[in-house]
Novice: 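Before we start, here is the structure in question, set down as structure tokens.
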Number of protein chains: 2
Amino acid sequence: MAQVRPLRADARRNRERLLRVAAEVFADRGAGAALDDIARRAEVGVGTLYRHFPTRQALLEAVYLERVEAVAARADVIAAARPPGAALRAWLDELAVGMLQARGLKALLGTAVTSGSPACGDCVRGAAARLVRAAQEAGELRPDVAPIEVLRLVHGVVTACESADEVDETAARRYLSLLMEGLARP
Amino acid sequence: MAQVRPLRADARRNRERLLRVAAEVFADRGAGAALDDIARRAEVGVGTLYRHFPTRQALLEAVYLERVEAVAARADVIAAARPPGAALRAWLDELAVGMLQARGLKALLGTAVTSGSPACGDCVRGAAARLVRAAQEAGELRPDVAPIEVLRLVHGVVTACESADEVDETAARRYLSLLMEGLARP
DNA sequence: ACCTGAACACCGTTCAAGT
DNA sequence: ACCTGAACACCGTTCAAGT
């Protein structure tokens, strides 16, 4: 899937410049930022952007790949330190805060979670599945919810926060708290 | 605020044609449908569309005004027939189903709820406030949530449903059910 | 093998000219 | 008082020409 042959030196430089610039631009213009603008700031033809990243989604994934993997990896760290129910909750907390902070991350996870993009989606879905199953086996989570539903609900909760005037992590935690209480009862 | 003088006959006809066509187009193209397209189908210059509805939001509001008012009015009917907690829940159910069915309605309420647009926002916020307060006074709803937060959460839940493959009212009710259980505990 | 940027398509929005 | 549609701006996407 990934490049078998290493990229030519100039191509590699361009790719990296694009990623660095895209991260900045997504950060302050949001996930819908003009691709044209990203190419120009990276001092690269638009065609080059499209060659490396055929879709906006592909660019978003490449930009946030590390962060997404980090969040997914946190799942196991957290799971080792806490009982299943608390672990799930703590991880969803981190996930929600991450989505609130990184403006592109939420857009990415929104679609990645739904339409199974292999790169980023799998590791997040996998992490969620492990935590959800564990919590269900421990009787700390209602058995009739699927991991993907939990992810969708968290996505919805973050959306609810965004529609407030200012991004508010406290509100996010409160909303998640409500959600978790609902999820706990069978 | 509204037109003091009645509209000229041709203007009135144009306005009505625009509303009728816009309703159709929003219904099958979504709330982001091309305004250009709406004008063309209504056999009207684009400028005429902008004259009557200066923003997409204004058009959405005009198209869904009746439906929104109907939903708001349902609040009092429901409140008269059930205890406060059940009434709130039943109304939020109807609200969520309405947002799922009418593709523009959700987009409209999303912004209307946040950035207080007078036309549609007020009546929905008012209805929500009455039901939420009543449920809180009856001790059936935690006292630390504001009506607008409840609306945001419902909006988030509907968003969660939409990210599923197919629009699923059953899922919406389940999610709302979880949310309400979380909202009930103090 | 990769890059460039002109070219095209599409959509939103405005405004001069018309009735 | 209202309508029209050309004109402009902006953005996404492709592709012929270049190295």
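Convention: sequence-line order gives letters A, B, ...; per-chain numbering from 1. None of the values given here were measured: they were computed from a predicted structure.
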Novice: Strictly by side-chain hydrogen bond (donor to acceptor under 3.5 Å, both in side chains), give each pair with a member in residues 23-36 of chain B just once, sequence neighbours left out.
Specialist: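 Qualifying pairs: B:Asp36-B:Arg40.
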Novice: Can you tell me which residue pairs pass the side-chain hydrogen bond (donor to acceptor under 3.5 Å, both in side chains) test with a partner in residues 86-102 of chain B, sequence neighbours excluded?
Specialist: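 Applying side-chain hydrogen bond (donor to acceptor under 3.5 Å, both in side chains) to every pair that reaches into residues 86-102 of chain B, excluding sequence neighbours, yields B:Arg74-B:Glu94, B:Asp93-B:Arg173, B:Gln101-B:Glu169.
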Novice: Which residues satisfy the side chain to side chain contact (heavy atoms under 4.5 Å, CB included) test with B:Ala79, sequence neighbours excluded?
Specialist: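 Here the qualifying residues are B:Leu131.
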Novice: Return the polar atom pairs (N/O with N/O) between nucleotides 3-5 of chain D and the protein under 3.5 Å, or none.
Specialist:
from, atom 1, to, atom 2, distance (Å)
D:dC3, OP1, B:Asn14, ND2, 2.5
D:dT4, OP2, B:Gly45, N, 2.8
D:dT4, OP2, B:Thr48, OG1, 2.8
D:dG5, O6, B:Gly47, N, 3.3

Novice: So, using salt bridge (charged side-chain N to carboxylate O under 4.0 Å, His left out) as the criterion, who are the partners of A:Arg13 when residues are at least two apart?
Specialist: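 Partners of A:Arg13 by the salt bridge (charged side-chain N to carboxylate O under 4.0 Å, His left out) criterion come out as none, since no residue qualifies.
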Novice: Tell me every residue that passes salt bridge (charged side-chain N to carboxylate O under 4.0 Å, His left out) with A:Arg130, counting only those two or more places apart in sequence or in another chain.
Specialist: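 A:Arg130: salt bridge (charged side-chain N to carboxylate O under 4.0 Å, His left out) contacts with A:Asp76.
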Novice: Please give me the minimum heavy-atom distance between B:His52 and B:Leu7, naming the atom from each residue.
Specialist: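 Here B:His52 and B:Leu7 meet closest at CE1-CD1, 4.4 Å.
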Novice: Which ones in residues 19-37 of chain B lie close to DNA chain D, meaning a heavy atom under 4.0 Å from one of its atoms?
Specialist: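 Of all residues in residues 19-37 of chain B, none places a heavy atom under 4.0 Å from DNA chain D.
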Novice: Provide, to the nearest angstrom, the distance between the CZ atom belonging to A:Arg56 and the C1' atom belonging to D:dT14.
Specialist: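 Rounding to the nearest Å, CZ of A:Arg56 and C1' of D:dT14 are 17 Å apart.
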Novice: Mind checking salt bridge (charged side-chain N to carboxylate O under 4.0 Å, His left out) for A:Arg12 and listing every partner two or more places apart, or none if nothing turns up?
Specialist: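 Only A:Glu16 meet the salt bridge (charged side-chain N to carboxylate O under 4.0 Å, His left out) criterion with A:Arg12.
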Novice: Nearest whole angstrom, please: distance from the P of C:dC10 to the CZ of B:Arg40.
Specialist: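 Computing the B:Arg40:CZ to C:dC10:P distance gives 10 Å.
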Novice: Not counting sequence neighbours, which residues clear salt bridge (charged side-chain N to carboxylate O under 4.0 Å, His left out) with B:Arg17? List them please.
Specialist: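 With sequence neighbours excluded, B:Arg17 shows a salt bridge (charged side-chain N to carboxylate O under 4.0 Å, His left out) to no residue whatsoever.
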Novice: Using whole Å, what does the distance between atom P of nucleotide D:dC11 and atom CD1 of A:Ile38 come to?
Specialist: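 Distance, rounded to whole Å: 12 Å.
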Novice: Holding to side chain to side chain donor-acceptor pair (under 3.5 Å), I want the full list of residues that pass it with A:Tyr64, two or more places apart in sequence or in another chain.
Specialist: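 By the side chain to side chain donor-acceptor pair (under 3.5 Å) rule, A:Tyr64 matches no residue at all.
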Novice: Atom CG of A:Leu49 to atom P of D:dC11: distance rounded to whole Å?
Specialist: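 After rounding, the gap between these two atoms is 14 Å.
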Novice: Tell me the closest heavy-atom pair linking B:Ala90 and B:Ile78, and the distance in Å.
Specialist: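 Scanning both residues completely, I find the closest heavy atoms to be CB-CG2, 4.0 Å.
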Novice: State which residues pass side chain to side chain donor-acceptor pair (under 3.5 Å) with A:Thr48; sequence neighbours excluded, sorted by chain then number.
Specialist: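 If we apply the side chain to side chain donor-acceptor pair (under 3.5 Å) test to A:Thr48, skipping adjacent residues, there are no hits.
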Novice: Name the stems that DNA chain C belongs to, where each is three or more consecutive Watson-Crick or G-U pairs with both distances under 3.5 Å?
Specialist: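 As far as DNA chain C goes, consecutive pairing (with distances under 3.5 Å) yields the stems C:4-8 with D:12-16, C:12-16 with D:4-8.
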Novice: Find the distance A:Glu16:CD to C:dC2:P and express it as a whole number of Å.
Specialist: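 My rounded result for the distance is 14 Å.
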